[in-house]
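Position 1 is the first residue of the sequence, and the numbers go up from there. Only a predicted model underlies this, so the values are computations on that prediction, with no experimental measurement involved.
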Amino acid sequence: DSALDAAVEAELIELDGDRIRFTHPLLAAEAYAAVGAERRRSIHRRLADLVGDVEERARHLALAAERPDARIAAAVEEAAGRAASRGAPEVAAELSTLAVRLTPQASAADRLRRRIATADFQFLAGADTPARAALEELSNELPPSTERAGVLARLLRSFPQSDLRGALELSERTLAEPGIDNETRALVYGDRGGIWLQLGDVGRARSELVAAAESAERSGSAVARAQALGNLALYDALAGEPRPPEFWKRAEAIEQEVDGQAILYGPLQAHGMQLMYAERLDEGREALHKSYRR
């Protein structure tokens, strides 16, 4: 107690009931670093038994591990997914990075999935540079395959806007990848629609968005279908050809099937924007509020 009192008096820590907080993060980091590795792992193991939050527990389990552990890696991966579904991609990226580190080398499929997920979470968190570096590394490691097509499609999504022709070349390379599935095709065609629109070829842009919607429908993926329908309908609204209410009911029902995954310009958001363009502001605001809450 005397040591705590002295630390409080020196303004190194502050007390809040039963909680002790350092007054500055650098002080906490220094105290953490001063503890030996084995002692730190022991503390994290104890904390993993005490905390109730799934994400906190997974983080402590990861930091308590001495070596790769398939069971802990799976728990941390699950916690990363929970963080992403509640709209915390930064936390998801941190946890997913730990899950990769804890994955045994022999578990190649698990390791690949978690590396890709980490890049996805980094991209959603706005950390484009590390996401792109990770994806480029993966694209060089993988043989021609469905998996590499997915990695290349993600690289296309984060391609610099200053090099649209380069992005088109990458999209063509991705579409030519052996084993590319319809969900990935839909993503690539959707990106190509945006690229052609920026290049001023509106006819080509719409044809690419139509191809995206067709591929998404064949894929059966609710995420791909919602993304493609939202993009195509938003384009049509911008072109002065808004979709009827029946279309939006169907598209928004598909979006409701998607659980905790980010969709850029999904049907709810696209519908709100279409209503806004039509100066139906109250209805547009309601749709955009729904999209925001989702």
Side-chain angles (χ1 to χ4, degrees), residues 22 25-26 28-143 145-155 157-158 183-184 223 258-262:
F22 284 94
L26 286 176
E30 182 63 26
Y32 186 82
V35 179
E38 181 52 45
R39 176 62 176 155
R40 282 203 301 270
R41 285 193 292 269
S42 175
I43 293 170
H44 283 300
R45 278 192 292 270
R46 178 65 176 143
L47 287 169
D49 290 335
L50 293 174
V51 298
D53 180 77
V54 172
E55 294 167 29
E56 253 333 278
R57 181 174 182 275
R59 181 183 287 103
H60 287 303
L61 284 172
L63 294 173
E66 296 183 51
R67 60 186 64 87
D69 183 301
R71 181 184 60 83
I72 296 176
V76 178
E77 179 184 28
E78 181 183 355
R82 289 173 64 103
S85 70
R86 69 176 176 83
E90 299 92 341
V91 175
E94 177 197 352
L95 290 170
S96 191
T97 300
L98 291 171
V100 171
R101 195 189 75 191
L102 289 164
T103 305
Q105 288 291 340
S107 305
D110 290 339
R111 189 173 184 82
L112 174 60
R113 183 183 66 253
R114 289 163 185 162
R115 288 174 71 186
I116 292 173
T118 300
D120 284 344
F121 296 145
Q122 288 171 331
F123 179 78
L124 287 173
D128 290 10
T129 300
R132 186 168 179 80
L135 292 169
E136 286 177 341
E137 183 178 5
L138 274 171
S139 71
N140 292 328
E141 290 177 13
L142 292 170
S145 59
T146 302
E147 290 76 18
R148 191 169 77 170
V151 168
L152 292 174
R154 288 169 169 83
L155 264 177
R157 180 182 56 184
S158 62
E183 186 171 2
T184 304
V223 174
V258 180
D259 179 25
Q261 297 190 54

Results of salt bridge (charged side-chain N to carboxylate O under 4.0 Å, His left out) for Asp120 - residues two or more places apart only: Arg154, Arg157
Close side-chain approach of Asp110 and Glu77, heavy atoms under 4.5 Å: no
Rounded distance (nearest 0.5 Å) linking atom CG of Leu47 with atom CG of Leu61: 10.5 Å
Enclosure of Arg41 CZ (heavy-atom neighbours >12, cutoff 6.0 Å): yes
Nearest heavy-atom neighbours spanning Ala58 and Ala75: CB-O, 4.1 Å
Within 6.0 Å of CZ in Arg46, more than 12 heavy atoms from elsewhere: no
Atom pair CZ (Arg114) and OG1 (Thr97), whose distance is rounded to the nearest 0.5 Å: 12.5 Å
Inter-residue atom distance Glu55.CD - Leu95.CG, 0.5 Å rounding: 6.5 Å
Contacts of type salt bridge (charged side-chain N to carboxylate O under 4.0 Å, His left out), residue Glu141, not counting sequence neighbours: Arg115
Tyr32: partners by ring pair (Phe, Tyr, Trp, His ring centres under 6.0 Å), with sequence neighbours left out: His44
Closest non-hydrogen atom pair between Val76 and Ala62, with its separation: CG2-CB, 4.0 Å
Enumerate donor-acceptor pairs with a distance under 3.5 Å from any side-chain N or O in residues 125-138 to protein atoms, sequence neighbours excluded.
{"unit_1": "Arg132", "atom_1": "NE", "unit_2": "Glu136", "atom_2": "OE2", "d": "3.4"}
{"unit_1": "Arg132", "atom_1": "NH1", "unit_2": "Leu155", "atom_2": "O", "d": "3.2"}

Straight-line distance of Glu183 CD to Thr146 OG1, nearest 0.5 Å: 12.0 Å
For Arg82, salt bridge (charged side-chain N to carboxylate O under 4.0 Å, His left out) partners two or more places apart: none
Nearest-0.5 Å distance that lies between atom CG in Leu152 and atom OG1 in Thr184: 10.0 Å
Interatomic spacing from CZ in Arg111 to CD1 in Ile116 - rounded to 0.5 Å: 12.5 Å
Contacts of type salt bridge (charged side-chain N to carboxylate O under 4.0 Å, His left out), residue Glu56, not counting sequence neighbours: Arg59
